[in-house]
Amino acid sequence: YPQIFKDSKLQEQFDTEGYVIIPLLDKEDIEKLTTIFHEMHRELQENRFGASSGLQDINLKHQIRDTLYPVYLPYFEKTFKEYTYFGSSFLYKTPGKNSDLAPHQDWTIVEEKNAVAINIWTPLCDTSEENGTLYVVPKSQTTKLFSLRAPTIPFYFQKYFSTVIKCAVPTNAKAGHAVVLNQSLIHYSSPNLSRDIRIAITSGIKTKDAPMLFHFKNERNEIERYQRPEDFLLSFKDFQKDIYLRPENGTFVSNIPYMPPSIGKFKFIQQFGKERFTLLQKIREIFR
């Protein structure tokens, strides 16, 4: 990948582990952004994970992005180089056991052979294993095991989510600290079992001027690649439905040959979680 951090040590850690945790927002900005969240989210459903990118009001989604960007810009300029910003949204968890987010990788939105897309996850409160912190599977980014990701392409680890969870580590980021992760890194978040709402912000940047891509698996099991507008992630009106449709506002590029990684529980543990399993635990997990 091309370098995107100004600090070479952060870049090295990012390349190796797939993520880094850095201090980002100050106390004043945390308070400001918390106020903005509540102003823009008047109604919150109970016992759920929510994202402003899933709102049906596209203008409001753009307003949220445009409101968050000036706050983040000085921090981005201090930390990153040769990048293009492509959006921000709020993420929240209201208390309840159904507020978890399953293991996943973010969509492939750049050509990952020569570019990188980054998710900057910044909680506005201290996070813990109780209130729904972000978990990551270190070293699971595509430089270690290539995968193509889109809503219509199943994850290669789809059949053993529980094993993936056991291989993950909690980030437990403090308020205003950012977990900066490669979008191909496997991650998930636990349910918020505390009494308070957990609010975070996700922002995206990518290698400067890298074309924005989207992939669609058609009825012939072919992977269609499209180049899409920079703001397409905020353009879905009915997010839960529209992401599974062939893009209308994009340019078809080509069909992409793709064979998903063939990796079962044992290989996954060996590659990404062996430090967290004893030999007996490995054997039990394989036959679970």
Side-chain angles (χ1 to χ4, degrees), residues 1-22 76 79-86 103-121 134-151 153-158 160-161 163-171 173 178-188 202-215 217 223 225 227 233 253-254 256-277:
Y1 290 130
Q3 290 198 350
I4 200 163
F5 288 89
K6 290 183 176 180
D7 185 317
S8 60
K9 290 184 178 179
L10 285 178
Q11 184 69 50
E12 182 180 1
Q13 182 183 347
F14 179 81
D15 290 341
T16 302
E17 299 295 323
Y19 77 103
V20 297
I21 302 175
I22 59 174
F76 288 170
T79 308
F80 303 108
K81 65 178 182 179
E82 300 299 319
Y83 73 91
T84 297
Y85 167 79
F86 59 83
H104 64 283
Q105 296 168 293
D106 295 335
W107 303 344
T108 305
I109 57 171
V110 295
E111 174 52 79
E112 293 181 339
K113 295 177 182 177
N114 53 33
V116 63
I118 290 177
N119 180 345
I120 303 161
W121 184 85
L134 183 71
Y135 287 72
V136 299
V137 179
K139 299 182 173 68
S140 61
Q141 69 271 29
T142 56
T143 50
K144 309 296 181 181
L145 186 69
F146 178 75
S147 63
L148 199 62
R149 291 99 50 206
I153 303 174
F155 297 116
Y156 70 86
F157 48 87
Q158 191 90 24
Y160 50 90
F161 276 177
T163 299
V164 173
I165 288 172
K166 292 173 184 175
C167 291
V169 297
T171 60
V179 183
V180 184
L181 60 150
N182 187 312
Q183 288 207 324
S184 65
L185 191 78
I186 299 172
H187 56 286
Y188 82 99
T202 179
S203 296
I205 67 171
K206 60 179 179 171
T207 301
K208 187 176 181 180
D209 298 330
M212 183 69 91
L213 304 176
F214 183 75
H215 299 84
K217 185 177 181 180
I223 307 298
R225 170 171 285 181
Q227 184 168 338
L233 292 170
V253 177
S254 63
I256 304 296
Y258 173 64
M259 182 66 68
S262 178
I263 175 169
K265 287 183 183 180
F266 181 73
K267 274 190 175 181
F268 191 93
I269 293 170
Q270 286 296 100
Q271 191 155 355
F272 303 124
K274 58 184 177 181
E275 297 88 355
R276 289 173 285 284
F277 284 82

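- Listed here is the closest heavy atom pair of Ala173 and Val179: CB-CG2, 4.0 Å.
- The structure places CZ of Arg225 at 4.0 Å from CD1 of Ile256, a figure rounded to the nearest 0.5 Å.
- In this structure, Glu12 places its CD atom where only 12 or fewer heavy-atom neighbours from other residues, nucleotides or ligands lie under 6.0 Å away.
- The two residues Leu148 and Tyr258 make their nearest non-hydrogen contact at N-OH, 3.0 Å.
- Judged purely by atom type and a 3.5 angstrom limit, Thr84 uses its side chain to pair as donor or acceptor with the backbone of Asp209.
- Using a 30° and 60° split on the angle between ring planes, Trp107 and Phe214 fall in the perpendicular class, above 60°.
- In this structure, CG on Leu10 lies 6.5 Å from CD1 on Ile22, to the nearest 0.5 angstrom.
- A donor-acceptor distance shorter than 3.5 angstrom exists from the side chain of His187 to the backbone of Leu185, with no hydrogens or angles considered.
- Taking 4.5 Å as the limit, every side-chain heavy atom of Phe146 sits out of range of all side-chain heavy atoms of Lys113.
- Arg149 places a side-chain N or O within 3.5 Å of a backbone atom of Asp106 that can act as its donor or acceptor partner.
- Of the possible polar contacts, one joining the Gln141 side chain to the Asp15 backbone as a donor-acceptor pair under 3.5 Å is found.
- The shortest side-chain heavy-atom distance between Phe155 and Pro260 does not fall under the 4.5 Å cut-off.
- Side-chain contact check for Thr163 versus Phe272: every heavy-atom pair is 4.5 Å or farther apart.
- Evaluation of the side-chain contact (heavy atoms from CB on, under 4.5 Å) rule for Thr207 yields Pro2, Ala115, Val116, Ala210 as partners, not counting sequence neighbours.
- Atom CD1 of Ile21 sits about 5.0 Å away from atom OG1 of Thr171, to the nearest 0.5 Å.
- Distance check, rounded to the nearest 0.5 Å: CD of Gln271 to CG of Leu145 gives 5.5 Å.
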Fill in: Chi angles and distances behind the side-chain contact (heavy atoms from CB on, under 4.5 Å) call for Phe268, Val137
CA-CA 11 Å; Phe268 191 93; Val137 179; 4.2 Å; yes

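- Residues meeting the side-chain contact (heavy atoms from CB on, under 4.5 Å) test with Glu82, sequence neighbours left out: Lys208.
- For Val110 against Thr108, the heavy-atom pair with the smallest separation is O-CG2, 3.4 Å.
- Looking at heavy atoms from C-beta onward, Lys166 lies out of side-chain contact with Val164 at the 4.5 angstrom threshold.
- Shown here for Gln227 and Val253, the closest heavy-atom pair between the two residues is N-CG2, 3.6 Å.
- Looking at heavy atoms from C-beta onward, Leu181 lies in side-chain contact with Leu134 at the 4.5 angstrom threshold.
- Counting only heavy atoms from C-beta outward, the side chains of Gln11 and Lys81 never approach each other to under 4.5 Å.
- Nearest approach of Pro261 to Tyr156, heavy atoms of both residues: O-CB, 3.6 Å.
- Here CD1 of Ile223 is found 11.5 Å from OG of Ser254. Values are rounded to the nearest 0.5 Å.
- Checked against the 6.0 Å centroid threshold, Tyr19 and Phe14 do not count as a close aromatic pair.
- Looking only at side-chain heavy atoms (C-beta outward), Val136 and Trp121 stay at 4.5 Å or farther from each other.
- A donor-acceptor pair is defined here as one N or O able to donate and one able to accept, closer than 3.5 Å; such a pair exists between the side chain of Ser140 and the backbone of Ile186.
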Discussion item. Let's go through Ile165 and Tyr135 carefully: what are the C-alpha distance in whole Å and the side-chain angles of both, what is the deciding distance for side-chain contact (heavy atoms from CB on, under 4.5 Å) to 0.1 Å, and is it a yes or a no?
Written reply: CA-CA 8 Å; Ile165 288 172; Tyr135 287 72; over 6 Å; no

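- Legend: residues meeting side-chain contact (heavy atoms from CB on, under 4.5 Å) with Gln13, ordered by chain and number and at least two apart, are Glu17, Val20.
- Taking all atoms of both residues into account, the shortest heavy-atom contact from Phe76 to Ser203 is CZ-CB, 3.8 Å.
- Side chains of Gln105 and Ser147: a donor on one and an acceptor on the other come within 3.5 Å.
- Here Gln183 contributes atom CD and Ile120 contributes atom CD1; the two are 9.5 Å apart, rounded to the nearest 0.5 Å.
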